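Everything quoted here is computed from the prediction, not taken from an experiment. Only this structure's heavy atoms are used, side chains among them; waters, hydrogens and symmetry mates stay out.
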Amino acid sequence: MWKLARAHSMPWRLLTGYQLCRLCLLRKPPPALKIKPSSACVTYGTDSQSDKENKRTVEKLCACSVDIRKIRRLKGWVLLEEETYVEEIANILKELGANKTVIASILERCPEAIICSPTAVNTKRKLWQMVCKNEAELVQLIEQFPESFFTVKDQENQKLNVQFFQELGLKNVVISRFLTTASSIFHNPVENNKQMIGVLQESYLNLGGSEANAKVWLLKLLSQNPFIVLNSPTAVDEILKFLQGQGFTDSEVLQLLSKLKGFLFQLQPGSIQNSISFTKATFECTDSDLRQLVVKCPALLCYPASVLEERTQALLKEGISIAQIRESPMVLELTPQIIQYRIRKLNSLGYGIKDGHLASLNGTKKEFEANFSKMQAKQGRPLFNPVASLKVEE
C-alpha cells in the first residue's frame, strides 16, 4: 500500500510507455520530493543540476512564489551562484510598491537580479527615479524591462548621461524610454555623447538649417533614433561629403538626414554607391532625376542593390511597369511577400493594380488595412440620389 500511494503521488502524465513499464517491472521507487510547506515550489532530489544548486537560494525563491522550473530552463546558472541576494532584492521591489505576484514575475524573467548587489540596485533605483513621476511608474517600468534595470554597471556615467539629456531639453518620458529600450547609449561615455550632439547640430547649421530651429530639429532626431549618438564624427563627415560629391545639394542632404532619422550615418559609402548605380540604370534617369527620386524615397539609399533588384523583379512579375515604380518608388520599401498579399486583396475588390497608381500599395500594415477598408466600404455602399423621390409603400 505504501508503494502504491507513492506511485499515485507522481505526475502520471510523465509516466507513459517505456517509463511506465520500468516502474511496473522494477518497482523502483520514484525520486523523493522536497517540498517547502510555505510555498508551491517543488524540486527533485535526483536531478544532477539541482544537486549542485544553492539550496538556500532555491528555498528563498520558493518563498517568493517563484517558479524554479522557469529559472532552470532559462538561466539555470544563477542557481549555482554561491552569493545571492534574493530577500534583499525582493524587499527593494516591495518598498517600491510591487506586490508578490509582480516580484515573482520579475525574478522569473530576470533571475540574474538576485546576484546584483543591493547597494548597486538602490543606486539604479535612484537613477531611474530621476525620470519617473512616482514609484508606481518606476515599478511598471521595472516589470516591463527588468533586464535594463538590473544591468548595474557604469552607474555614475549613466547618471551623467541622464543629466546631460535633461539639460539638452529631452522630456523625462523620452529619457525613460531610452533607459529601457536604448540603454547602450547611457553606457557610452558622456563626453562622447556630447561631442556627437555637437557634431549633429553643427552639421544641421552647415547644411542650411536655421539657428532658431536647430534645437527642435535635434531633439526630434534624437527622440526618433537615440542610437545616433553612438556614431562617430568621422562617419558623419564621411557620409555628408559623399552625398555632396554625388551632386546632392545641402538642402537635399538635410532632407535625407531628417527623413532617414539619422540612420543615414550607419550606411557605408560603397553600399550607397551600388544602390545609386542600380537605381540610375534600372530607371534610366539622369543625375538630376536620380536625386529627385532618392529625395522622394530615401530608402533607395538604405537597401543593398541586391534587395532592390529582387523587389523590382517581383513587381515586374506582377505586371507592374518600371514607369509605375518610378512614379511611386516607395513601393520598393515592401517585401515581395507583402506586395503579393496586397495585390491579391486589391484584386478581390476588382482594383486593377497593373493599370492604376501604386500609391494604394504603399504604407504601413495599419495604413494599408485602413485604406483597404475605406475602399471596401465605398464599393459596397449603394449610390444615393438626393433629388430622386423616395418610393414608400402605403
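- Looking at N213 and S210, their side chains never bring a donor and an acceptor atom within 3.5 Å of each other.
- Side-chain contact between S203 and L240 is present, with heavy atoms from C-beta onward closer than 4.5 Å.
- Between S148 atom OG and W128 atom CH2 the span is 5.5 Å, to the nearest 0.5 Å.
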Going through the checks in order, is the salt bridge (Lys or Arg N to Asp or Glu O under 4.0 Å) test met by E284 and R326? CA-CA 10 Å; E284 300 179 347; R326 180 172 173 173; over 6 Å; no
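- We find the CD1-SG distance between I68 and C62 to be 4.5 Å, quoted to the nearest 0.5 Å.
- Judged by distance alone, the side chains of T84 and N54 never bring a donor and an acceptor atom under 3.5 Å apart.
- Both F164 and L219 belong to a single network of hydrophobic side chains, linked directly or stepwise wherever heavy atoms of I, L, V, M, F, W or Y lie under 4.5 Å apart.
- Counting only heavy atoms from C-beta outward, the side chains of T180 and Q144 never approach each other to under 4.5 Å.
- S258 places no side-chain N or O within donor-acceptor distance of the main-chain N or O of Q255, the cut-off being under 3.5 Å.
- Using a 3.5 Å distance cut-off with no hydrogens or angles, the side chains of S277 and Q273 do pair a donor with an acceptor.
- In this structure a side-chain-to-backbone donor-acceptor pair under 3.5 Å is present from K124 to T151.
- In this structure a side-chain-to-backbone donor-acceptor pair under 3.5 Å is present from N193 to I185.
- Note: the hydrophobic cluster containing L334 does not contain M330 (ILVMFWY, side chain heavy atoms under 4.5 Å, direct or indirect links).
- We find the CG-CZ distance between L221 and F263 to be 9.5 Å, quoted to the nearest 0.5 Å.
- Side-chain contact between R109 and E143 is present, with heavy atoms from C-beta onward closer than 4.5 Å.
- Hydrophobic clustering places L316 together with F283 (ILVMFWY residues linked when any side-chain heavy atoms are closer than 4.5 Å, directly or through intermediates).
- Under the 4.5 Å side-chain criterion, counting only non-hydrogen atoms from C-beta, T57 is not in contact with E81.
- No donor-acceptor pair under 3.5 Å is formed between the side chain of E53 and the backbone N or O of V78.
- Interatomic distance, CG of N134 versus CG of L96, reported as 11.0 Å (0.5 Å rounding).
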S348 vs F372, test: side chain to side chain contact (heavy atoms under 4.5 Å, CB included). Steps then yes/no. CA-CA 11 Å; S348 69; F372 179 79; 4.1 Å; yes
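- Rounding to the nearest 0.5 Å gives a distance of 14.0 Å between CG of L349 and CZ of R344.
- A donor-acceptor pair is defined here as one N or O able to donate and one able to accept, closer than 3.5 Å; no such pair exists between the side chain of R342 and the backbone of S360.
- In the hydrophobic clustering of ILVMFWY residues, with side-chain heavy atoms under 4.5 Å counting as a link, I322 and L361 come out together.
- Here the side chain of S105 pairs no donor or acceptor atom with the backbone of T101 at under 3.5 angstrom.
- Using a 4.0 Å cut-off between charged nitrogen and carboxylate oxygen, R125 and E135 count as a salt-bridge pair.
- Between the side chain of N157 and the backbone N or O of N188, at least one donor-acceptor pair lies under 3.5 Å.
- Within the 3.5 Å criterion, the main-chain N or O of E327 finds a donor-acceptor partner in the side chain of K296.
- No more than 12 heavy atoms of other residues, nucleotides or ligands lie within 6.0 Å of NZ in K220, so this atom counts as exposed by the packing criterion.
- Placement of V294 and L267 within a single hydrophobic cluster is found when ILVMFWY residues are connected by side-chain heavy-atom separations under 4.5 Å, directly or transitively.
- N371 contributes no side-chain N or O that, together with a main-chain N or O of E367, makes up a donor-acceptor pair within less than 3.5 Å.
- Not one N or O on the side chain of N122 forms a donor-acceptor pair closer than 3.5 Å with the backbone of T119.
- Summarising the geometry, atom CG belonging to N161 is positioned 11.5 Å from atom OG belonging to S183; distances are rounded to the nearest 0.5 Å.
- Classification of the F186-F178 ring pair by plane angle, with boundaries at 30° and 60°, yields tilted.
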